[in-house]
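Predicted model only: the values in this text are computed from it and were never measured.
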Amino acid sequence: MADFVALLGTKGGPAIRPGSTMPTASLLSIGGQRVVVDCGLGVSRGLIDQGMRLQDIALIFITHLHSDHYLELGPLLHTAWTAGKKTPVQVWGPPGLEVYWQGFLGSMQADIDLRIEDEGRPDLRAMVSIHEVTVDRPMVFDALQVTAIRTLHPPLIDTYALRFATAEKAVVFSGDTAFLPALADFARGADLLIHEAMLGEALPALLARVGNGDERLMRHLLRSHTLAADAARIATQAGAKALALHHLIPSDDPDFGPDEWHASVAPHWNGPFYLGHDGMRIAF
């Protein structure tokens, strides 16, 4: 099985509009395992478009509890179940994820019970286990070791960057975060750093387009996310072999395209660079 990351959804934030990209979700293939990282709206379709059978999902990580990162977790697992899944799934994420999962199961109880009785399916509720991400010790899955550090994404506290490593390869997801110098050490020598990014000059137009926020939304963006130039600085300081930007803010403004993103990154990064778009597959 080839090593790659597929960026299934590359939009920062939960809203979608005609012509926009989809919220955050990724598929990581490393060391013979496939891991879903975040489950924003559209993750099920994104996985299918990558040729993955939903019933093969076994391991999912959720970086934090903002809707654009976990809104479709329940529907993904339910859809995998209806597609024939019979084997266990581990879901790792922040405290509070179990509450979401139990709420989803409660909302779908009638359907789940009916399909068990009427179609002879195994009980979905017994197949999924929810675990809290640990920052004090690695999470180990055969040859794959996953480590986490907390990021800077107020007002949330339990928000994580994740490093997925085998003996040969390492990939780091920044998660959502303000500029965090500690990420440079965390991503040291990674084959690929996938970092969220924001284009500062495009933010006023974005807020005008959102339409139902106020100055608090701009304050949130500036204190909780990373400018593209700073993401490039982190990659350089980390000595990463390649940099990909995703969770783009904004990702769907025709007045701010690849030229502006490249101009922000170029002064601070001279290695292989990928400006994320939905469906992009990056080998490493």
Side-chain angles (χ1 to χ4, degrees), residues 1-14 16 21-31 33-54 56-73 75-77 80 89-94 97 133 139 141 144 146-148 151 153 159-166 169-177 183 186-187 190-197 225-226 231 235 240 242-249 251 273-284:
M1 186 183 298
D3 291 336
F4 67 86
V5 171
L7 303 178
L8 310 178
T10 54
K11 181 185 184 297
I16 58 173
T21 53
M22 296 300 286
T24 308
S26 301
L27 172 63
L28 170 63
S29 178
I30 185 171
Q33 297 200 54
R34 290 193 172 185
V35 187
V36 179
V37 182
D38 284 328
C39 292
L41 191 65
V43 62
S44 302
R45 178 79 258 175
L47 289 168
I48 291 295
D49 287 346
Q50 291 294 324
M52 183 172 184
R53 302 189 323 156
L54 298 186
D56 292 337
I57 294 169
L59 184 58
I60 298 173
F61 275 84
I62 302 297
T63 58
H64 66 289
L65 297 186
H66 268 150
S67 60
D68 51 325
H69 295 258
Y70 77 112
L71 184 64
E72 200 173 306
L73 173 61
L76 170 63
L77 292 169
V89 183
Q90 292 188 51
V91 183
W92 291 74
L97 192 59
V133 165
M139 296 154 280
F141 310 91
L144 176 64
V146 186
T147 51
T151 62
H153 192 54
T159 64
Y160 305 111
L162 299 170
R163 182 183 180 109
F164 297 85
T166 65
K169 301 284 184 68
V171 173
V172 173
F173 290 80
S174 73
D176 281 14
T177 185
L183 262 173
F186 187 67
D191 293 274
L192 176 64
L193 170 61
I194 303 165
H195 205 297
E196 71 125 84
H225 294 282
T226 303
L243 169 65
L245 297 185
H246 78 152
H247 194 277
L248 304 178
I249 304 175
S251 69
F273 173 65
Y274 304 91
L275 179 63
H277 61 76
D278 291 7
M280 174 181 277
R281 185 181 283 215
I282 306 167
F284 59 88

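For residues 38-48, every residue pair satisfying the side-chain hydrogen bond (donor to acceptor under 3.5 Å, both in side chains) rule, not counting sequence neighbours, is listed here: Asp38-Thr63, Asp38-His69, Ser44-Glu72, Arg45-Asp49.
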How far apart are the C-alpha atoms of Val37 and Val5, what are their side-chain angles, what is the distance that settles it, and do they pass the side chain to side chain contact (heavy atoms under 4.5 Å, CB included) test?
CA-CA 10 Å; Val37 182; Val5 171; over 6 Å; no

Please test Leu59 against Trp92 for side chain to side chain contact (heavy atoms under 4.5 Å, CB included), starting from the C-alpha separation and ending with a verdict.
CA-CA 8 Å; Leu59 184 58; Trp92 291 74; 3.8 Å; yes

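Checked against side chain to side chain contact (heavy atoms under 4.5 Å, CB included), Ala6 has the following partners two or more places apart in sequence or in another chain: Phe4, Leu8, Leu27, Gln50. The ring-ring contact (aromatic ring centres under 6.0 Å, His included) search around Tyr160 returns none, not counting sequence neighbours. Here His195 pairs with nothing under the ring-ring contact (aromatic ring centres under 6.0 Å, His included) rule; sequence neighbours left out. For His246, the ring-ring contact (aromatic ring centres under 6.0 Å, His included) test picks out no residue, with sequence neighbours left out. A search for side chain to side chain contact (heavy atoms under 4.5 Å, CB included) contacts involving Ala244 returns Leu192, Ile194, Tyr274, Ile282, not counting sequence neighbours. Take Thr226 and apply the side chain to side chain donor-acceptor pair (under 3.5 Å) test, not counting sequence neighbours, and it matches no residue. Residues satisfying the salt bridge (Lys or Arg N to Asp or Glu O under 4.0 Å) criterion with Arg53, sequence neighbours excluded, are Asp56. Partners of Asp3 according to the salt bridge (Lys or Arg N to Asp or Glu O under 4.0 Å) rule, which considers only residues two or more places apart in sequence or in another chain, are Lys169. Arg34 meets the salt bridge (Lys or Arg N to Asp or Glu O under 4.0 Å) test with no other residue; sequence neighbours excluded. The side chain to side chain donor-acceptor pair (under 3.5 Å) search around Ser174 returns none, not counting sequence neighbours. Ser251 pairs by the side chain to side chain contact (heavy atoms under 4.5 Å, CB included) definition with Lys11, Thr21, Leu248, not counting sequence neighbours.
Considering all non-hydrogen atoms of both residues, Pro23 and Gly40 come closest at CB-CA, 4.3 Å. Nearest heavy atom pair, residue Leu76 against residue Cys39, reads CD2-SG, 3.9 Å. Closest of all the heavy-atom pairs between Ala80 and Leu54 is CB-O, 3.4 Å. Considering all non-hydrogen atoms of both residues, Gln90 and Phe141 come closest at OE1-CE2, 3.6 Å.
Residues Tyr70 and Ile60 have side chains not in contact (no heavy-atom distance under 4.5 Å, counting atoms from C-beta outward). Using a 4.5 Å heavy-atom cutoff, the side chains of Thr177 and Thr159 are not in contact. Contact annotation: the side chain of Val146 never approaches that of Val35 to less than 4.5 Å [non-hydrogen atoms, C-beta and beyond]. Using a 4.5 Å heavy-atom cutoff, the side chains of His225 and Asp176 are in contact.
Interatomic distance, Ser26 OG to Leu47 CG, rounded to the nearest 0.5 Å: 10.0 Å. The structure places CG of Leu77 at 6.5 Å from CD1 of Ile57, a figure rounded to the nearest 0.5 Å. The distance from atom CG of Leu41 to atom OG1 of Thr24, rounded to the nearest 0.5 Å, is 11.0 Å. Once rounded to the nearest 0.5 Å, the distance linking CG of Leu7 with CZ of Arg281 reads 11.0 Å. Interatomic distance, Glu196 CD to His153 NE2, rounded to the nearest 0.5 Å: 7.0 Å.
If you look at Phe61 and Phe164, their ring centroids are closer than 6.0 Å.
Exactly one of Thr151, Leu193, Leu162, Thr147 qualifies for a side-chain contact (heavy atoms from CB on, under 4.5 Å) with Phe186. That residue is Thr147.
Judged purely by atom type and a 3.5 angstrom limit, Asp191 uses its side chain to pair as donor or acceptor with the backbone of Ala170.
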